[in-house]
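Scroll down for the structure; my scribbles are underneath it.
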There are 2 protein chains.
Amino acid sequence: MNIKTIARLAGVSVATVSKIINNYPDIGEETRQRVLKIMEETGYRPSSSAKTLATKKSNLVGVVFAGKLNVDFSHPFFVEVINAFKKQIGLLGYDLLFFSNEKFLDQGEDYLARSKYFQVDGCIIIAGDEVESSVSDLDASPIPCIGIDIEMNGQNSCYIMSDNEKISTKVVEQFYMNGYRDLGFIGLQRASLVMQHREKAFKQSLKQFSLEENPEWLVYSQDYAATDGYEAAKQLLQADVLPRAVFAATDLLAFGAVRAFKEAGLRVPEDIAVAGCDDIEACRYSDPPLTTVKQDTDKIGRLAAMILFDLMNKQMDNRCIKVEPELVLRRSCGTLLAYQ
Amino acid sequence: MNIKTIARLAGVSVATVSKIINNYPDIGEETRQRVLKIMEETGYRPSSSAKTLATKKSNLVGVVFAGKLNVDFSHPFFVEVINAFKKQIGLLGYDLLFFSNEKFLDQGEDYLARSKYFQVDGCIIIAGDEVESSVSDLDASPIPCIGIDIEMNGQNSCYIMSDNEKISTKVVEQFYMNGYRDLGFIGLQRASLVMQHREKAFKQSLKQFSLEENPEWLVYSQDYAATDGYEAAKQLLQADVLPRAVFAATDLLAFGAVRAFKEAGLRVPEDIAVAGCDDIEACRYSDPPLTTVKQDTDKIGRLAAMILFDLMNKQMDNRCIKVEPELVLRRSCGTLLAYQ
DNA sequence: CTGAAAGCGCTTACAG
DNA sequence: CTGAAAGCGCTTACAG
C-alpha cells in the first residue's frame, strides 16, 4: 500500500495525494475529502524512509550516552533528564533514536557516522565520565547538538547543566547556618567536569565563610559506588581531628560514608553530619534520611528539547544554560543550634 | 556524498560499490581495496533511509512503553530491562527507536501505524497498567513483537515475565521458615496481570502451608506510590489482631507500610516483619534494610532480545517464558527463631 | 486546483 | 568478476 495506489483509487495524481498528506492549502476540498476517505479505508501509512530520502529530514533525534555511562543508562539523573526530554521533543514532533553503541564502537565507527547514516535532525549528548573523543566530531559537525553535563563548542551546539557551583555553595551555606565550622568533602579521584565544579565551589565557599580548608578532610573516592564512598570515608576517619560535617559529591558516596561512620561508632548526624547530592529515591528511606541537593532534571530535559528544536529550525548562538539546583533538607545534616 | 560519487571516483559501477559495502564475496580483491580506500578517504557513509526503502528492512526495533508507564519510564524495573535489552539487541545489529507517544496518541494514531511508518523490524512492548487497546493491533500484526509483563497472543509474538507466582511463594516460604504464621498482604486495587499473579500465588501459598487467610490482613493500595502503601497499611492496622508479617507487592508500598507501622509504635521487624518486591536501590539503605524479591532484569532484557531476534529472522511459535526471581534477605523480615 | 516527471540513494535480478 | 537498469515510495519545482 503506497501513495501510488491511493492516487489510482482516488483518480488523482500522486502529487495531489502528497500535498494532502502534508496539509498543503491549495487543494480542492472535495478532492481532499475523497482522498482522505480512501486513505482511512485502506489504512494507508506513508513510509518514513521514502520521506526522509526525499526531504533529507528524518524527524529523528539521536540519543548519545557518551563516556562511561554509555554501557548503562540506569542512573536516575540520566533517566529523568531523558524522560523529560522525550516528552517535550515528542510534543514537538520528533521521535528518539538510541544508538546501540556496543556493536558499532567495536567496529571503530563513531557517533557522527551513525548520525549521518540515520540522517537524524539533531542529537542530545548525555555525558558521563571519560567521554570518547568521537563526541567532538559530532560537536564540530553541522548536526545540531545539545549537551547535558558536557561542554560543547560547535557552531550548532548548546549545552545545559545544573549550576554545580551553586550545589556546593548551598550545602556549605546550610552547614554553616546549622552551626558547623569543620567541613569535609568526599570527591572523585578522576573528576568529571561536573565533579570539578562541585569541588572547586566547595573550596571557594569555605573561603567565603572563612572556614578552614583542612587537607585531611578532603578525600577522593575511586569510583561512584557506595562502596567507594565507604572506602573514602574510612580514609577520612584517620584524620587527627574529624570534621563535624561532610559533603559527599553524590548520594551513593554519602550512603557509603554513613555506613563507615556508623561502623566507627559515630552517630549521624549527632556526631557527624552528612549531605549528598542527586536526591535519589533512597534518600527518603535511608537511616537517617539524607539531606541532599536535587537537580531540576525535569527542567533540564525540557529546556534541552526546546533549545535543540530551535537549533534544528533556526540559527542560534552557541551558549551554555545553567539550571538552579534545590537543597532538600532531611535529618542527616542535623544542626548544632538545638544544643546551644 | 553518495554511492554514485564513490562509483565514479573508483571507476566502477554503483552495483559494485553496493556489493562491497554489503560484503558480497564475488568481487575482485583489487577492486574491493580500491573502493574501500576511496570510501575511507571521502568519509562516505551509506544512507539508512535509502537502504531501508530498497530493502524493506530498517534494522530498527521499536520500543513501546504501553499503558500508564508510557508517560514515565523512570521505574527501575523498566530501565534495567530495557538497558539489558539494548545491549543485547545492539550486539545483534539493531538500534532502538523510542516512539514519542505524547503527540501521536493525541492525534489518535496508534503503535501499529507508527511501526509501519518507521518500518521497524520488530517491537518490544513493556507494559504497565491499563494498557491501551492499540497494543493488541500491534500484537495481531505481522510485525514480530516481544512483550514484557504482558500477555501476547499474536502469531509473531512472544512474551516474557518474571515468574510472579514464585515471587509470592518464596516470600511466604521464607516467612514460614522464620516462624511467622499470621501473614498479611498489600496488593493493588486495580491489579495488573503481574499483580494478579502475585496475589493469587500469595493465597495459594498460604493454603500450602495451612496458614489462615484472614480477610482483614488483605488490603489494597490505591496506586504505586509509597504514600499509597502508607494508607493501605493504616487500614491494615485497624484489624482486630495484627498479622505478624506483611508482604507488600512492591518495595515502594513496603516503604510506605514501614512508615505507617513505625508511626503506630510498632518496631520492624521485631513487632511486624515486612517484605517487598523489586529490590530497588533504596532497599539497601532503608531502616531497616528491606527484604525483597529481585527480578532478574538482566536476564529478562537479554532473553527478550534473543527471542525477538529469532522472531524477526525465522519462524517461531508463540510462547511465554518465565524467569526465575531471587529472594534477597535483609533485616526487615526478621525471624522468630532467635527468640525461641 | 491538478498532474507529469525528475530525483532522493540505495539494492537486486539479470546479462555478459 | 562487473555493469546497466528498474524499482523502493516519497517530494517538489514546473507547467498548465
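In the text below, chain A, chain B and the rest are named by the order of the sequence lines, each starting its count at 1. A quick note: this is a predicted structure, and the numbers were derived from the prediction, not measured.
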- Query: Can you tell me if NZ on A/K37 sees more than 12 non-hydrogen neighbours from other groups inside 6.0 Å?
  - Reply: no

- Taking the side chain as every heavy atom from C-beta outward, state whether A/Y24 and A/R32 have any pair of such atoms under 4.5 Å apart. no

- Among C/dT11, D/dT11, C/dC10, the one nearest any side-chain atom of A/N22 is D/dT11

- Message: Determine whether a donor-acceptor pair (N or O, by modelled atom type, separation under 3.5 Å) exists between the side chain of A/S141 and the backbone of A/I143.
- Response: yes

- Whole angstrom is fine here: how far is it from CD1 in A/I3 over to C1' in D/dT11? 8 Å

- Are A/Y159 and A/I146 side-chain neighbours, meaning at least one heavy-atom pair lies under 4.5 Å? no

- Message: Looking at D/dT11, I'd like to know if its phosphate oxygens (OP1 or OP2) sit under 4.0 Å from a side-chain N or O belonging to A/T55.
- Response: no

- Query: Taking C-beta and beyond as the side chain, do A/L60 and A/L96 meet within less than 4.5 Å on heavy atoms?
  - Reply: no

- Message: Taking any heavy-atom pair under 4.0 Å as a contact, classify B/Y44: base, sugar-phosphate, or nothing.
- Response: sugar-phosphate

- Rounded off to whole Å, could you give me the CD-to-P distance for the B/Q119 and D/dC10 pair? 9 Å

- Task: Round to a whole Å and report the spacing from CE of A/M39 to C1' of D/dG9.
- Result: 15 Å

- Once you round it to whole Å, what is the distance between P of C/dC10 and NZ of B/K51? 10 Å

- Message: Could you tell me if B/S47 and A/Q119 have a donor-acceptor pair between their side chains, going purely by distance under 3.5 Å?
- Response: yes

- Item | Gap between atoms NZ and P, on A/K57 and D/dT12 respectively (whole Å) | 12 Å

- Task: Starting from P on D/dC8, measure out to CE on A/M1 and report it in whole angstrom.
- Result: 14 Å

- May I have the distance from B/Y117 (atom OH) to D/dG9 (atom P), rounded to whole angstrom? 15 Å

- Query: Are B/L97 and A/F98 side-chain neighbours, meaning at least one heavy-atom pair lies under 4.5 Å?
  - Reply: no

- Message: Quick check on C/dT12: is either OP1 or OP2 less than 4.0 Å from any side-chain nitrogen or oxygen of B/Y24?
- Response: yes

- Message: Donor-acceptor pair, distance only, cut-off 3.5 Å: does the side chain of B/N22 make one with the backbone of B/S18?
- Response: yes

- Task: Walk me through it: do B/T16 and B/S13 pass the test side chain to side chain donor-acceptor pair (under 3.5 Å)?
- Result: CA-CA 5 Å; B/T16 301; B/S13 73; 3.1 Å; yes

- Note on DNA chain D: ranges paired as stems (three or more Watson-Crick/G-U pairs in a row, both atom distances under 3.5 Å) are C:1-3 with D:14-16, C:5-12 with D:5-12, C:14-16 with D:1-3

- Message: From C-beta outward on A/K56, which listed nucleotide comes closest to its side chain: C/dT11, D/dC8, C/dC8?
- Response: C/dC8

- Whole angstrom is fine here: how far is it from CG in A/N2 over to P in D/dC10? 6 Å

- Message: For B/I21 and A/A54, find the nucleotide of DNA chain C closest to each by heavy atoms; which residue's nucleotide sits nearer the 5' end?
- Response: A/A54

Output one line per pair: protein atom, nucleotide atom from nucleotides 1-3 of chain C, and distance, for all N/O pairs under 3.5 Å.
| residue | atom | partner | partner atom | Å |
| --- | --- | --- | --- | --- |
| C/dT2 | OP1 | A/T31 | OG1 | 2.4 |
| C/dT2 | OP2 | A/G28 | N | 2.8 |
| C/dT2 | OP2 | A/T31 | OG1 | 3.3 |
| C/dG3 | OP2 | A/S13 | N | 2.9 |
| C/dG3 | OP2 | A/S13 | OG | 3.4 |
| C/dG3 | OP2 | A/T16 | OG1 | 2.9 |
| C/dG3 | O6 | A/K19 | NZ | 3.1 |

